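Please read the structure below before turning to the comments.
Order of the sequence lines fixes the chain letters, A, B, ..., with proteins taken first and strands second; residue numbering starts at 1 for each chain. In this text the structure is predicted, and so the values were computed from the model without any measurement. Heavy atoms only: backbone and side chains are in, while hydrogens, waters and symmetry mates are out.
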Amino acid sequence: MPRRYWLMKSEPNRFSIDDLRAAPQGIAPWDGARNYQARNLLRDRVKAGDGVLFYHSGTATPGIAGIAEVVRAGYPDHTAWEANGEQFDPKSTPARPVWYMVDVRFVEKFRQLIPLAKLKTTPGLEGMEVARRGSRLSVQPVSRSEWEIVRRIARNMDPG
DNA sequence: GCCAACGTTGGC
DNA sequence: GCCAACGTTGGC
């Protein structure tokens, strides 16, 4: 089966690419999605081995911070069961989980973040979901060509 | 702080 | 089932 590619958003105040790198073995769950479209992707489509563009949102300059890899496909998001947690959702139970998460592993931090504004003006990326106005989905499919273009930008932005 | 986009909730 | 009100995301 061909490898798929995804863009996953994270607010770096909460969990940044540096936090992912610092996690044991560079592996951490990507959890907390509470949207059914995102849930369906996490549960049904995101597989181990898939590539991830790690996106920082909610910052002065949002953009792609680096690369990660999915190491565990969708499984129930147990943070929804933690009654005092921020991500608690009484609709979800261990017997009938509603929300799903995946595990990702740190691969690479770009030496310079690729700003959203840059994505929007890059030929070949105009159609990227994240470049759309009002794009809110926290996990988004990325095409192979979009993936390649982003990686090329990252290489070109790296001095030397 | 503002506002666009859009998902969710709840009255009917 | 419709739709207005409301809440959240997230860029600017």
Provide, to the nearest angstrom, the distance between the [atom1] atom belonging to [X] and the [atom2] atom belonging to [N].
X: A/L137; N: C/dG11; atom1: CG; atom2: P; answer: 13 Å
X: A/K120; N: C/dC12; atom1: NZ; atom2: P; answer: 4 Å
X: A/K91; N: B/dG7; atom1: NZ; atom2: P; answer: 15 Å
X: A/Q140; N: B/dC6; atom1: CD; atom2: P; answer: 12 Å
X: A/R133; N: C/dG11; atom1: CZ; atom2: P; answer: 13 Å
X: A/E86; N: C/dT9; atom1: CD; atom2: P; answer: 11 Å
X: A/R136; N: C/dC12; atom1: CZ; atom2: P; answer: 16 Å
X: A/W99; N: B/dT8; atom1: CH2; atom2: C1'; answer: 10 Å

Answer yes or no: does a side-chain N or O of [X] lie under 4.0 Å from OP1 or OP2 of [N]?
X: A/R132; N: B/dC6; value: yes
X: A/K9; N: C/dT9; value: no
X: A/Y55; N: C/dT9; value: no

Positive for side-chain hydrogen bond (donor to acceptor under 3.5 Å, both in side chains) with A/Y5, one of A/E148, A/R144, A/E146:
A/R144
Less than 3.5 Å apart, any donor N or O on the side chain of A/D103 or A/W30 sitting next to an acceptor on the other?
no
Can you tell me if A/D89 and A/S92 form a side-chain donor-acceptor pair at under 3.5 Å?
no
For the side chain of A/N35, starting at C-beta, report the closest nucleotide among C/dC12, C/dG10, B/dG7.
B/dG7
Membership question, hydrophobic clusters at under 4.5 Å side-chain separation (ILVMFWY): are A/L20 and A/V71 in the same one?
no
